Amino acid sequence: MMTIRQHELAVHSYIEKMILPSEPKLPMWNRENFIYEKPAKWNYIDACMIKALTMLYDINGDIRLMDYAISFTNAYVSQDGSISTMNASDFNLDNINGGKNLIRLYRETKLERYRLAYERLYSQQLINQPRLHCGSFIHKAIYHDQMWLDGAYMALPFLAEYGILESKEELIRDVCSQLENIRIIMREPDTGLYYHGYDESRKEKWADKKTGLSPQFWLRSMGWLCAGLADICEIIPANTDCRDMLGELLEALEMYTTDSGMLLQLPARPDLNGNYPETSGTLLFAYSALKASRLGIASSRIKSAGEKALSRVAEDFISCGGEVPVMRNICLTAGLGGSPYRDGSAEYYLSERVTENDAKGIAPYFMAYTELMRS
């Protein structure tokens, strides 16, 4: 097992060689932008990294991290709180992820631009977000009848925190109701694992005509759900249903860890040719397991599984000897539907590009490290 000091050195190397040298409109960790030549805009990937930096700041007090989070966010958020590169009418839950940082930065600085910006996310998008018949948010306007696990991390912790800030108990109830919908609809009882997506209309080719569910258990989507639940359990600690849901999911995932401590891209398909240990989802599991232990939710066995997963990623998949550190085995992106069409099959998930040094892996590594330091 790696020592805390060894993790600290790896995190420090990333901060000095990749994070702080990155320009806000061209961050080195956003591999999607580089690979697909996307223009810089407000997005959940960058929001994950900024969130991780503020968590590190809370642990080590390095003011450079908070200063960077502020300057990065200011590159996208105007004085009046508007975000020019985001369209609320897209109803994209991914865009809400950055709202967590806006709340954090407002608490740190008391600057109105951040309060105005997170108010806009709520009043211009979430309050108008279309919903499924069960009451849960749709994932995006282009996926109108669909619920994806990813949204449990992207939007629900923000909604819970906003509800606390504004003393709106109905928002807390809404968050808990949406989580219960996810558990009822998307959880497979025999394994305790969750399917990636649900199509209420049953019209998508990837959706089972009886259940509306996608066919596979994709690791990172369950990692997002774990992390979202862990964060919500900290925001509303008295909610036993959220705590039970998190503990139950961590126990289920722990059953599918490999002997080395990793989780596979498709955890329930270990004998499938081409299946591989995926770092981002494993790190989201590690973060959630360690946080759940700190919050008194998870057993010592789950805490040990989180520590082992974190250590294995760092030992086997992070190299720090070069010009910049390198984290390998990160699934770049995966989804359902769209064009070209993603059919949700095992073959599809194993065909998606595997990359290095994307924030979807680096940020959860930082997050898990902060929980290790708190334990």
Side-chain angles (χ1 to χ4, degrees), residues 1-21 28-29 48-66 68-69 219-220 223 226-227 230-231 234 250-251 253-254 256-264 276-330 356-375:
M1 297 278 278
M2 285 189 69
T3 65
I4 288 179
R5 176 58 178 165
Q6 288 172 309
H7 285 300
E8 180 184 349
L9 291 172
V11 169
H12 177 77
S13 185
Y14 265 116
I15 294 296
E16 300 299 331
K17 297 179 179 180
M18 174 177 281
I19 309 303
L20 295 182
M28 286 186 271
W29 62 75
C48 287
M49 184 61 80
I50 299 306
K51 170 71 171 173
L53 294 185
T54 62
M55 293 171 70
L56 282 173
Y57 167 75
D58 289 339
I59 289 292
N60 64 22
D62 185 347
I63 192 62
R64 299 177 304 158
L65 303 180
M66 181 56 68
Y68 185 84
L219 174 59
R220 191 161 68 227
C226 275
D231 291 349
E234 189 167 43
L250 289 170
E251 292 278 348
L253 283 170
E254 191 269 340
Y256 289 91
T257 55
T258 65
D259 290 342
S260 72
M262 296 289 294
L263 282 155
L264 302 177
Y276 63 93
E278 202 279 329
T279 50
S280 70
T282 297
L283 289 166
L284 287 167
F285 167 76
Y287 164 70
S288 305
L290 292 169
K291 187 165 192 172
S293 175
R294 175 169 64 83
L295 297 177
I297 297 168
S299 66
S300 59
R301 189 182 82 258
I302 296 300
K303 180 184 180 182
S304 295
E307 291 172 339
K308 185 176 181 180
L310 175 60
S311 184
R312 184 56 59 197
V313 170
E315 288 177 349
D316 290 357
F317 298 97
I318 299 179
S319 303
C320 295
E323 184 175 335
V324 296
V326 177
M327 180 189 294
R328 301 182 300 281
N329 277 44
I330 304 168
E356 300 175 342
N357 274 359
D358 187 80
K360 293 184 286 291
I362 300 169
Y365 179 56
F366 289 0
M367 292 158 58
Y369 166 74
T370 66
E371 285 299 330
L372 188 67
M373 292 294 290
R374 291 179 185 274
S375 64

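Since we're looking at a predicted model, the values are computed, not measured. Residue numbers start at 1 and run along the sequence shown.
- Within the 4.5 Å cutoff, the side chain of Met1 has heavy atoms near those of the Lys308 side chain.
- Under the salt bridge (charged side-chain N to carboxylate O under 4.0 Å, His left out) criterion, Arg64 pairs with Glu16, Asp62, not counting sequence neighbours.
- Partner Met262 forms a side-chain contact (heavy atoms from CB on, under 4.5 Å) with one of Thr257, Leu219, Asp316, Thr279 and no other, that one being Thr279.
- The CE atom of Met373 lies 13.0 Å from the CE atom of Met55; values are rounded to the nearest 0.5 Å.
- Taking the side chain as every heavy atom from C-beta outward, Thr282 and Leu264 never approach each other to under 4.5 Å.
- Taking all atoms of both residues into account, the shortest heavy-atom contact from Ser288 to Gly223 is OG-O, 4.5 Å.
- A 4.5 Å side-chain heavy-atom check between Val326 and Phe317 finds every atom pair outside the cut-off.
- Proximity of Tyr57 to Leu53: side-chain heavy atoms (C-beta onward) are nowhere separated by under 4.5 Å.
- Proximity of a side-chain donor or acceptor of Ser304 to a complementary backbone N or O of Ser300 within less than 3.5 Å is detected.
- Residues Ala314 and His7 approach most closely at CB-CE1, 3.6 Å, considering heavy atoms.
- Taking every heavy atom of both residues into account, Gly306 and Ala289 meet most closely at CA-CB, 3.9 Å.
- No donor-acceptor distance shorter than 3.5 angstrom exists from the side chain of Glu307 to the backbone of Ala309, with no hydrogens or angles considered.
- A donor and an acceptor atom, one from each side chain of Arg312 and Ser260, are nowhere located under 3.5 Å apart.
- Side-chain atoms of Val11 and Leu56, non-hydrogen and from C-beta on, do get closer than 4.5 Å to each other.
- The minimum heavy-atom distance between Ala69 and Ile50, with the atom names listed, is CB-CG2, 3.7 Å.
- Nearest approach of Leu372 to Leu290, heavy atoms of both residues: N-CD1, 4.1 Å.
- Residues Tyr365 and Ile318 form a side-chain contact, since some pair of their non-hydrogen atoms from C-beta on lies under 4.5 Å apart.
- Listed by first and then second residue, the salt bridge (charged side-chain N to carboxylate O under 4.0 Å, His left out) pairs involving residues 286-305 are Asp231-Lys291, Glu234-Lys291, Glu234-Arg294, Glu251-Arg301, Glu254-Arg301, Arg294-Glu371 (not counting sequence neighbours).
- No donor-acceptor pair under 3.5 Å is formed between the side chain of Lys51 and the backbone N or O of Met367.
- Between the side chain of Asn357 and the backbone N or O of Pro325, at least one donor-acceptor pair lies under 3.5 Å.
- No side-chain heavy atom of Leu284 sits less than 4.5 Å from a side-chain heavy atom of Cys226.
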Review point. Leu263 and Glu278: side chain to side chain contact (heavy atoms under 4.5 Å, CB included), yes or no, with the steps?
Key: CA-CA 6 Å; Leu263 282 155; Glu278 202 279 329; over 6 Å; no
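- Taking each heavy atom of Ala363 and Cys48 in turn, the nearest pair found is CB-O, 3.5 Å.
- Within the 4.5 Å cutoff, side-chain heavy atoms of Pro277 are placed close to those of Asn329.
- Here the straight-line distance linking atom CD1 of Ile362 with atom CD1 of Ile19 works out to 5.5 Å at 0.5 Å rounding.
- Between Tyr68 and Trp29, the ring planes are perpendicular. Angles over 60° get that label, and only those under 30° would be called parallel.
- From Arg374, atom CZ reaches atom CD1 of Ile59 across 4.0 Å, with rounding to the nearest 0.5 Å.
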**Study point:** Full working for side chain to side chain contact (heavy atoms under 4.5 Å, CB included) between Met327 and Leu283
**Key:** CA-CA 12 Å; Met327 180 189 294; Leu283 289 166; 3.8 Å; yes
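- Side-chain contact of Ser319 with Arg328: a donor-acceptor pair under 3.5 Å is present, judged by distance alone.
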